[in-house]
Asker: 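If you scroll down you'll find the structure; I have some questions about it.
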Amino acid sequence: MTEPLPWHRLSAKMLAVHPVQEIVRFLPVLIGVLFIGSNGQGHIWTLVGLGLAVAGGLLRWFTTTYQLTPTHVRVRRGLLRRRELSVPRDRIRSVDLTAHPLQRVLGLSRVVIGTGRSDRHDEGVTLDALATPAAATLRQELLHRTAPVERAAPEGTTVAQLSPSWVRFGPFTLSGIATIGVVVGSLANLFNETRLDPEEFGLLRSVIGQLASLPVPVAVGEITVFAVVLVAVLSALAYILAFWNFRLVRVDGTLHVTRGLLTSRSTTIEVRRLRGAEISEPLLLRAAGGARCMAITTGLRVGRGAEHGGSVLLPPAPLAEARRVAGEVIGDADPTVHELAGHGPRAHRRRYTRAFAFAAIVTGVLVLLWWLARWPALPWQISLALFPAGALLAEDRYRNLGHVLLGRRLVFRNGSLVRRRYMLSSDGVIGWVVHRSFFQRRAGLVSLTATTAAGRQHYTCPDLPTAEAIALAHDAVPGLLDPFLVRRE
């Protein structure tokens, strides 16, 4: 009789990590209890809260076990409500390793096993956390469906590595805006919970007084300059925290991406699941000559964001470097630089029509408010700037439209505020969606969408002439559209 496979516990070092994690999670509540506690008992209730947080952290370790079988990965957790999560090993698409600073000090890694679904009901499991060597061995075993072997990991070939000079692209990502929002929101919540008056802080009071003594244009200028500098600094800092030590390595049919300064992350992409690559150029980053490169692959949860979903092949870097990396990853540099076919004068005219229609509607509404509701004339006068701005945007959007079929590689490009170039293997296309709005029908244009199981799962080429769209879809995947076509004799 075969003995049952053993159930394993997480690393015992997590007894030093889980309590700290729980305390950090409940820190805002504990601070609020400390300041709001009635009858001078805030300190007592804060200590009680700390004790409960520590006990909860310890309980997580004692009640969590996992088991590896030839067919499944199982995790049990919970005390009063016992839960068991089971994932078939043949459905595992990704195994990511992350480690925040405390885990790195203790030599631990958090293992996130995903099945490739991008929704909130992802059937993946999380092991928080294992010893780093054990976590790396587990990833190797689960992804390659082989028994673990006692040998050093091969070095592989380095495809890309972070250059310190790339930090200059950090301020153009504007990620610092999110940081400011989080900080401001946290401070506002803290002041609200603790009933503190911000003006009680001398520095803040002096700043407010200094701004109040200035003319409004000067005060607005100072605030704007300060905000721009702050966003730039925080964006550069966020870039360093997220992408320091970035390295993309090809080894044994896989791409290994490692990155992170304080919190490290390691993602593995199987080349056989790769369906293409994407070069993304947000407007500010494009103005600085930079771009990102992302993988179009099955098994990564891009619905949570490209950077958080693990599809990043290159952080913001020079455009030439993004093209080089994309070419090496897909095995062909031509799709990254090949001239694209334009979409013709009707698509050009449609871009201008939409831009001017928006400007006309906004200006017309403001003129009516000025005429009927006695609004000041300044708003509608300023809105006239929407016409030249719309013309510039329309021209840029049209120039960024393009497509081409290079052998078995389908290339789409579109967008203005964020220009994206998709290089998708036509072998990964599982369907087509041909969409026409009322105005597109009148212009003889359609939007052609290639559906796939990889990446965003749909890639659209807008405003193609109808006949050209049908021919492109037929040439990319012969026979797929035949049942839906009517042949004219």
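Computed over heavy atoms, backbone and side chain alike; hydrogens, waters and symmetry mates excluded.
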Asker: With salt bridge (charged side-chain N to carboxylate O under 4.0 Å, His left out) as the rule and sequence neighbours excluded, what pairs involving residues 222-240 come up?
Answerer: none
Asker: Identify the heavy atoms of P101 and T263 that sit nearest to each other, and give their distance.
Answerer: CD-OG1, 3.7 Å
Asker: In a check of side chain to side chain contact (heavy atoms under 4.5 Å, CB included) between H403 and each of L472, L340, V411, L448, which one passes?
Answerer: L472
Asker: Would you say R409 and D332 make side-chain contact, with heavy atoms under 4.5 Å?
Answerer: no
Asker: Do R74 and E84 meet the salt-bridge criterion of a basic N to acidic O distance under 4.0 Å?
Answerer: yes
Asker: Taking the side chain as everything from C-beta on, heavy atoms only, tell me whether V95 gets closer than 4.5 Å to V112.
Answerer: no
Asker: Assess whether side-chain contact (heavy atoms from CB on, under 4.5 Å) is satisfied between T126 and V111, documenting all intermediate values.
Answerer: CA-CA 6 Å; T126 298; V111 182; over 6 Å; no
Asker: Could you tell me if R76 sits above the aromatic ring of W7, with its cationic atom closer than 6.0 Å to the ring centre and no more than 45 degrees from the axis?
Answerer: yes
Asker: Working to the nearest 0.5 Å, report the span between CZ of R168 and OG of S163.
Answerer: 7.5 Å
Asker: Using modelled atom types only, decide if a donor and an acceptor are shared between the side chain of S235 and the backbone of V231 within a distance under 3.5 Å.
Answerer: yes
Asker: Distance-only, no hydrogens or angles: does the D90 side chain make a donor-acceptor pair with backbone N or O of T71 under 3.5 Å?
Answerer: no
Asker: Carefully, step by step, assess H72 and T69 under the rule side-chain contact (heavy atoms from CB on, under 4.5 Å).
Answerer: CA-CA 5 Å; H72 287 77; T69 74; 3.6 Å; yes
Asker: Taking the inter-plane angle between the rings of H8 and Y66 on a 0 to 90° scale, is it parallel (under 30°), tilted (30 to 60°) or perpendicular (over 60°)?
Answerer: tilted
Asker: Ignoring hydrogens and geometry, is there a side-chain-to-backbone donor-acceptor pair from R419 to N400 under 3.5 Å?
Answerer: no
Asker: Mind checking ring-ring contact (aromatic ring centres under 6.0 Å, His included) for F169 and listing every partner two or more places apart, or none if nothing turns up?
Answerer: none
Asker: How long is the straight-line distance from CZ of R324 back to CG of L314, given to the nearest 0.5 Å?
Answerer: 8.0 Å
Asker: Is it true that a side-chain atom of Q457 and a backbone atom of A454 form a donor plus acceptor pair closer than 3.5 Å?
Answerer: no
Asker: For residues L248 and L313, determine if any side-chain heavy atom of one lies less than 4.5 Å from a side-chain heavy atom of the other.
Answerer: yes
Asker: Apply the test side chain to side chain donor-acceptor pair (under 3.5 Å) to residues R408 and S426: give CA-CA distance (whole Å), side-chain angles for both, the deciding distance (0.1 Å), then the verdict.
Answerer: CA-CA 5 Å; R408 303 300 298 165; S426 57; 3.2 Å; yes
Asker: How close do I430 and A453 get, counting heavy atoms only, and between which atoms?
Answerer: CD1-N, 4.1 Å
Asker: Going by side-chain hydrogen bond (donor to acceptor under 3.5 Å, both in side chains), S266 matches just one of R139, R247, R259. Which one?
Answerer: R139
Asker: Could you go step by step and tell me if E321 and V325 meet the side-chain contact (heavy atoms from CB on, under 4.5 Å) rule?
Answerer: CA-CA 6 Å; E321 182 70 7; V325 170; 4.0 Å; yes
Asker: Hey, mind stepping through V433 and T451 against side-chain contact (heavy atoms from CB on, under 4.5 Å) and telling me if it holds?
Answerer: CA-CA 7 Å; V433 177; T451 61; 4.0 Å; yes
Asker: With distance as the sole test, does R275 use its side chain to make a donor-acceptor pair with the main-chain N or O of T298 at under 3.5 Å?
Answerer: no
Asker: Does R399 have more than 12 heavy atoms from other residues, nucleotides or ligands lying within 6.0 Å of its CZ?
Answerer: no
Asker: Do Y239 and P171 have side-chain heavy atoms sitting under 4.5 Å apart?
Answerer: no
Asker: Any non-hydrogen side-chain atom of L162 less than 4.5 Å from a side-chain atom of W244?
Answerer: yes
Asker: Check this for me: does any side-chain nitrogen of one of R413 and E278 sit under 4.0 Å from a carboxylate oxygen of the other?
Answerer: no
Asker: Taking the side chain as everything from C-beta on, heavy atoms only, tell me whether M294 gets closer than 4.5 Å to R420.
Answerer: no
Asker: Are the aromatic ring centres of Y422 and Y459 under 6.0 angstrom apart?
Answerer: yes
Asker: Nearest 0.5 Å, what's the CH2-CG distance between W432 and L480?
Answerer: 8.0 Å
Asker: State, with a plain yes or no, whether a side-chain heavy atom of T258 is found less than 4.5 Å away from one of N245.
Answerer: no
Asker: Would you say the side chain of L127 lies within less than 4.5 Å of the side chain of V75, judging by non-hydrogen atoms?
Answerer: yes
Asker: Where is the tightest heavy-atom contact between D128 and L10, given as atom of each residue plus distance?
Answerer: O-CD1, 3.0 Å
Asker: With no hydrogens and no angle check, is any side-chain donor or acceptor of T452 less than 3.5 Å from a backbone partner on V429?
Answerer: no
Asker: Once you round to the nearest 0.5 Å, how far does CZ of R421 lie from CG of L319?
Answerer: 9.5 Å
Asker: Quick one: do T132 and S109 satisfy side chain to side chain donor-acceptor pair (under 3.5 Å)? Show the steps, please.
Answerer: CA-CA 5 Å; T132 298; S109 291; 3.1 Å; yes
Asker: Heavy atoms only: give me the nearest A450-L410 pair and the separation to one decimal.
Answerer: CB-CD2, 4.4 Å
Asker: Is it true that R292 and E281 make a salt bridge, defined as a side-chain N closer than 4.0 Å to a carboxylate O?
Answerer: no
Asker: For a quick test of reading the model, state the closest non-hydrogen atom pair linking L283 to S416 and the distance between them.
Answerer: CD1-O, 4.1 Å
Asker: How far does CG of D396 sit from CZ of R286, to the nearest 0.5 angstrom?
Answerer: 4.5 Å
Asker: Measure across F243 and V312 and return the closest heavy-atom pair with its distance rounded to 0.1 Å.
Answerer: CE2-CG1, 4.3 Å
Asker: Taking atom CG of L68 and atom CZ of R89, what is their separation to the nearest 0.5 Å?
Answerer: 6.0 Å
Asker: Before you tell me yes or no, could you show the steps for H256 and T268 under side chain to side chain donor-acceptor pair (under 3.5 Å), namely the whole-Å CA-CA distance, both residues' side-chain angles and the distance that decides it to 0.1 Å?
Answerer: CA-CA 5 Å; H256 292 278; T268 298; 3.1 Å; yes
